[in-house]
Structures are given as structure tokens and as C-alpha cells.
Amino acid sequence: MADALPSYRDAGGVAIWARWLLYGHALLALGSAVLLWMSQDDYSSSFAPVAAVVALAQLAVFLATAVAVLRWLYLANANARALGADDLMGSPAMAVGWFFVPLLNLAMPYMTVRDTWKASANPKDWQIQPAPAMIGLWWACWLLSGISGILAFRIGLEFSKEAGGAADFLNVLSALFSIPAAFLLAWIIGRIQHMQSAAWPASVYN
Amino acid sequence: MAVSTIDGTIQEAVLKRSALNIRIYRHITFQLADGTSKSIVKPIADAKVAALLQPGASGRFYIFTAPDHRGIHGVRDDQGHEVFAFPKNNEKAMMIVTLFGIGISALLLTMNLFSGWAIICLAIGIPFYFIYRNIRMNAERQFAADGGYRPIATAAAAQPASV
């Protein structure tokens, strides 16, 4: 009747990578916001080559961060089950997959991270556990960053230079929202990993 | 884990709201045989099952977990009651979303048009219809396979209602 429980796989190393990459992502987002702000309405400025390099580095770090964070989320969700949390919604693969499902990716990743937190805090009776408001705050910052980034892209695409100021402003806003989002996610990863590692003393995270 | 069971006694069942045949709870807390408690937060149940989800009810409770919600689809209590009712609302909703997506796509194709929203309806509706259907079928199999189970009446429940 019950599926076999997954075995615990230490996610401490991946958590450390994910957190450092998130800090790097936040630093590059700050650099990008500053450069955008300094070079607004001046597309031929001397900042352009620097901005291009920062943008490329930001893309590379974002991709690496996404891989590390999603890998960690998969392991953390599976480990919560291994520690005894049953009736978690979906599966570890689905915890990652929600980020790529249109519309549902507006809410389900938040619920997955929140449930992983609760299940790590008390695996045996996890559903009644409280979750910190920080998780909601992280998700709000992440959504606002994404929405302002998409709006900036669409405005830049549709209206070209006439609306360059608005697009730049939204780009700065997107970068600024992504900084607290990165720090909050790094904190959430650290806390969840700490709770799971405490329940599994052999973890390298201890 | 799509389906599971809880053997215990309901300590608390806090109803949040009712909508047609569905009952949505804030939480239901069970006391397990080993003395520990276990809670299910925001479960849904069909009204027939919900009628048995009262504090003090003891027996086996059949739980399902869908990708985005969870609920109780069956009860076998120590008073001899046996109820199975799976809430099918989400499954029906996904079928409607799928049919809507197919209808809009077909209509637009006749006009040489295309809608991203119709594709999103299909991308969500089709897989989720089959996911919900699969969970319902698992729940039906689970309840049927456990047909021989009869909970032992607890001492409290076995007492006569009045002396």
C-alpha cells in the first residue's frame, strides 16, 4: 500500500554550492543594477562593454545557480520523505518540475519549498508545523523580479528606444528584487539543510 | 506517495468551509495507537466521508495526496461504518479545461489563428486530468484491497450510549 521510502542522500555539499552561487548571483545583480542606472539613456556610453560582460556573467551564474538550487530542492524533498515525512504532495521530481509548468509555477514552487521546510522541522507530524514568513517574502521578491524583468523585455521589444527609460527602470527593479530573493533563498536552504542534517548526523553539513 | 492510511482516533476535525458535496477542513488531528498525534492540514473530503469525520471516530482512514491537494477518500470505523467517496471535482475541472482548450484551438484553427492560452489549457488540462484520474483509481484499488479489514472497537466506543 505504501511506497518504499527513498533513502537519505546527503545534500550538504549541494546546499553549500547553491548558497555561494546565490550570493554570487546577488552580487552580479547589484552590479548590473548599478551599471544600468549609471548608463540610462546613454547607449553609447563607456559602460556598455562592462555592462555586456556583467550581463554574460550574470546569465552564466544564473544558470549554474538554477542547476544547483533545483538539484538541492530535489534532494531536500526526497530527504524529507526519507526522514519519515509521508503524504508530501507530488514527488521530488515534481518539486523541480513545478518551476517549468506555466501558471502553476506562480504558486506551486512556493508550496513545495514551504512543505519541505515543514517536513524537515518535524517529519513525523509535519503538516501542522508553522513555516516562516521569510518563505513567502522570498517568493514575493522572486515573482516581482520575474514580472518586472518580463515587462522590461516586452517593453524593450515592442517600443524600442522610445521606451528605453521605462525598460531600464524595470530592469533595475528586477535586479533589485532578485537581490533579497537570492539572500532569502540562501537563508531558507541553510535552515532546511541544517534541520535535515541535525536529523541525520552523518551529514557533511554538520 | 499517492495513497496511504492512518489508523487512529480523530481528536479534532476543524471544518473550514463546505462547497456542494465537498468539505474543506482547516485540519484534522488523529491520535495514533502509540499515543502520538498526526495532523493533516487542509484536507478535503466528500460529504459522505465527512459525515464520519467526527471527533472520537476511531478506525482506519484512507488518505490520498494529489500534486496540489490532499484529502480523505474512505473510512472504516470501529462502529462498522464503511464509506468510500473520492472527491472528483478536480478531475472534472481538468476535463473541462482540456475540452475548452481543444474547442478554442479548433475554432481558432478554422480562422487560421492561434492562441497561446489554449495551448496552456491543453498543457495543464491533459496531464492533470490523467494524474487525478490515476490517483482516484489508486484510491479505489486501495480501498477495495483492504476490504477484509475491520477495526477493533475501542473501549470508549464499545460502551453503551446511556446506562
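Throughout, protein chains are lettered first and strands after them, A, B, ... in sequence-line order, and every chain is numbered starting at 1.
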Criterion side-chain contact (heavy atoms from CB on, under 4.5 Å) on Trp117(B) and Leu103(A), from CA distance to verdict: CA-CA 10 Å; Trp117(B) 287 105; Leu103(A) 295 181; 3.9 Å; yes
More than 12 heavy atoms of other groups within 6.0 Å of Trp187(A) CH2: yes
Pair Asp86(A) + Lys38(B): basic N to acidic O under 4.0 Å: yes
Contacting region of Ala123(B) [heavy-atom separation from chain A under 4.5 Å]: neither
Leu104(A) side, atom CG; Ile124(B) side, atom CD1 - distance, nearest 0.5 Å: 4.5 Å
Greater than 12 external heavy atoms within 6.0 Å of Phe153(A)'s CZ: no
Phe30(B) versus chain A, the contacting section by heavy-atom distance below 4.5 Å: neither
Inter-residue atom distance Leu32(B).CG - Asp125(A).CG, 0.5 Å rounding: 8.0 Å
side-chain contact (heavy atoms from CB on, under 4.5 Å) assessment of Ile128(A) paired with His27(B): CA-CA 8 Å; Ile128(A) 203 84; His27(B) 66 266; 4.0 Å; yes
Over all atoms of both residues, closest heavy-atom pair of Met89(A) and His69(B): SD-N, 3.2 Å
Side chain proximity check, Met94(A) to Ile131(B), heavy atoms < 4.5 angstrom: yes
Over all atoms of both residues, closest heavy-atom pair of Met111(A) and Asp68(B): CE-O, 4.3 Å
Within 6.0 Å of CH2 in Trp138(A), more than 12 heavy atoms from elsewhere: yes
Exceeds 12 heavy-atom contacts within 6.0 angstrom, atom CZ of Arg150(B): yes
Residue Phe100(B) excluded, over 12 heavy atoms near CZ under 6.0 Å: no
Heavy atoms from other residues, nucleotides or ligands near CZ of Arg141(B) exceed 12 (cutoff 6.0 Å): yes
Exercise: identify the closest heavy-atom pair between Gln127(A) and Ser39(B): CB-O, 3.5 Å
Interface moiety of Ser37(B) toward chain A, non-hydrogen atoms closer than 4.5 Å: both
Atom CZ of Phe84(B) with >12 non-hydrogen neighbours under 6.0 angstrom: yes
Ile63(B) portion near chain A, given a 4.5 angstrom heavy-atom threshold: side chain
